[in-house]
Amino acid sequence: MIKILADSTCDLSKEVLEKYNICIAPLTICIKDKDYRDRIDITPDEFYGFIEDLDTPPTTSMPSPAEYLKIFKKAIQEGHRSILCICMSSGTSGSYQSAVIARDYFLEEHPEMIEKIHVLDSKCMSHGSGWLILKSARMRERGVDFAEIVEFNETYKTSVKHYLSVDDLDHLIRSGRLTNASAFVGKLLKLKPIMTMKKGKGAIVAKERGRKKVLEHYVSEFSRRVDYELTDFIIIGYTSDLTFAENLKHKIERDTPYMGEIYIMQMGVAVGTHVGLGAISMFFMEKGRIKDNLLINEVHGLAALKNQFLRS
């Protein structure tokens, strides 16, 4: 039996976690000097209902090694013989390092598990790591062995394509979730920035005017980049605007040949602390390693305008 666990930034829904028996190590959010465990002591809707009224920004802290160690030990007591722990990117949090420390302590007591416990630095954020976790759970349900699931994750973790658009970059800049260059560029932009993951941290790759253009960018880039063979499902994430996420789902279904499942899941409090209200994200598997940056997207945009002008 394979135990799959993650930290709470994976943002998978309660229904998915329960269906696939996925265990979560919660991050802690400090709000007005009071600590809350992500999705346990406070729900996303509760948090998004008062985030704008806070005088001081909330802070987050990673699960401790003791929290991970407790989960490892419980998994063994329950009869599991393999453990896969998928963590948010080490470039944005110490969650991965906490899990590694816990694994090392655990192996001192259970040296026979050295080939049967794997801690993954997903290089992902939010539903990016959630995508890998859900894929792993589905592989486990099909009877895929532990070594093959681990190999899939290590091979394809950087192929999970992230897109995230936010209404306010200050949350991400303050928390260090953006590269320094992107934070500087973001302050100069007056339009809505679109981010992806580069080397384990967020980076701005495009800017659009208004929500409609953001969705058009998502769908256009999805059509250009998606690996249909590997993309069993898409995850769309949102913080406070479910309708915005539903509009993206409908646009994918209408404007692309994609026929697979599309999940819509709310981002949790830990992630919401850093992205704020009005955020929307999308996650799928990308074919190859297609370059994605602000300059490239600006050139593509100018070419599209030229073609539109020539056709008119």
Side-chain angles (χ1 to χ4, degrees), residues 3-18 22-75 85-106 119 121-122 124-130 133 164 166-178 200-202 237-240 265-279 281:
K3 185 65 176 179
I4 298 175
L5 65 108
D7 62 62
S8 61
T9 65
C10 71
D11 287 341
L12 292 174
S13 67
K14 180 180 179 181
E15 292 74 19
V16 167
L17 295 175
E18 290 178 350
I22 299 165
C23 188
I24 294 297
L27 271 73
T28 300
I29 301 92
C30 183
I31 305 171
K32 294 182 177 180
D33 297 323
K34 184 177 180 180
D35 289 340
Y36 301 84
R37 290 171 297 170
D38 191 13
R39 293 181 181 266
I40 297 175
D41 302 321
I42 184 171
T43 68
D45 282 333
E46 288 173 340
F47 176 68
Y48 298 133
F50 63 70
I51 183 175
E52 293 291 274
D53 299 326
L54 296 175
D55 296 326
T56 56
T59 58
T60 59
S61 57
M62 61 193 176
S64 67
E67 180 74 24
Y68 279 115
L69 186 59
K70 181 172 66 175
I71 296 173
F72 292 162
K73 289 182 176 180
K74 184 178 179 182
C85 177
I86 299 179
C87 301
M88 67 190 296
S89 173
S90 62
T92 60
S93 169
S95 178
Y96 168 73
Q97 192 57 44
S98 276
V100 169
I101 292 171
R103 179 200 62 195
D104 291 346
Y105 276 117
F106 181 78
V119 178
D121 178 359
S122 71
C124 297
M125 281 293 293
S126 187
H127 295 112
S129 60
I133 294 159
L164 169 69
V166 299
D167 284 338
D168 183 358
L169 274 176
D170 285 341
H171 298 282
L172 285 163
I173 292 172
R174 184 170 53 242
S175 64
R177 263 59 180 182
L178 279 177
K201 297 193 76 171
Y238 72 99
T239 52
S240 55
M265 302 185 196
Q266 190 173 30
M267 299 179 215
V269 179
V271 171
T273 295
H274 302 296
V275 302
L277 300 178
S281 57

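In this text, all values refer to a predicted model and were calculated from it rather than measured experimentally.
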Rounded to the nearest 0.5 Å, how far does OG of Ser129 lie from CE of Met88?
7.5 Å
To the nearest 0.5 Å, atom OH of Tyr105 lies from atom CD1 of Ile101 at 7.5 Å
Donor on one side chain, acceptor on other, Asp7 and Thr9, under 3.5 Å:
yes
Mind checking salt bridge (Lys or Arg N to Asp or Glu O under 4.0 Å) for Arg39 and listing every partner two or more places apart, or none if nothing turns up?
Asp11
Gly200 and Thr92: which non-hydrogen atoms are nearest, and at how many Å?
O-CG2, 3.4 Å
Shortest non-hydrogen contact from Thr273 to Pro58?
CG2-O, 3.5 Å
Work out which heavy atom in Ile51 is nearest to a heavy atom in Gly276; give both atom names and the distance.
CD1-CA, 4.4 Å
Measuring from Cys10:SG to Met265:CE, what's the distance to the nearest 0.5 Å?
9.0 Å
Distance col, row Phe50:CZ vs Ile42:CD1, nearest 0.5 angstrom, shows 4.0 Å
Rounded to the nearest 0.5 Å, how far does OG of Ser93 lie from CE of Met62?
7.0 Å
Below 3.5 Å, can you tabulate the donor-acceptor pairs from side chains in residues 64-73 to any protein atom, sequence neighbours excluded?
from: Ser64; atom 1: OG; to: Ala66; atom 2: N; distance (Å): 3.4
from: Ser64; atom 1: OG; to: Glu67; atom 2: N; distance (Å): 3.1
from: Tyr68; atom 1: OH; to: Ser95; atom 2: OG; distance (Å): 2.7

Distance-only, no hydrogens or angles: does the Thr239 side chain make a donor-acceptor pair with backbone N or O of Met267 under 3.5 Å?
no
Test item: Met125 and Lys201 side chains (from C-beta on) under 4.5 Å apart, heavy atoms
no
Do side-chain atoms of Ser122 reach the backbone of Cys124 as a donor and acceptor pair under 3.5 angstrom?
yes
What is the minimum heavy-atom distance between Tyr48 and Gly268, and which atoms define it?
OH-O, 3.0 Å
Donor-acceptor pair, distance only, cut-off 3.5 Å: does the side chain of Glu18 make one with the backbone of Glu15?
no
Who passes side chain to side chain donor-acceptor pair (under 3.5 Å) against Asp104, sequence neighbours left out?
none
On a heavy-atom basis, the closest approach of Gly272 and Phe47 is C-CE2, 4.0 Å
Listed pairs under 3.5 Å, donor-acceptor, residues 22-38 side chains, sequence neighbours left out:
from: Arg37; atom 1: NE; to: Asp41; atom 2: OD2; distance (Å): 3.0
from: Arg37; atom 1: NH2; to: Asp41; atom 2: OD1; distance (Å): 3.0
from: Asp38; atom 1: OD1; to: Val269; atom 2: N; distance (Å): 3.0
from: Asp38; atom 1: OD2; to: Ser8; atom 2: OG; distance (Å): 2.9

What distance do Lys14 atom NZ and Gln266 atom CD have between them, rounded to the nearest 0.5 Å?
14.0 Å
Excluding sequence neighbours, so at least two apart, what forms side chain to side chain donor-acceptor pair (under 3.5 Å) with Ser90?
Asp121
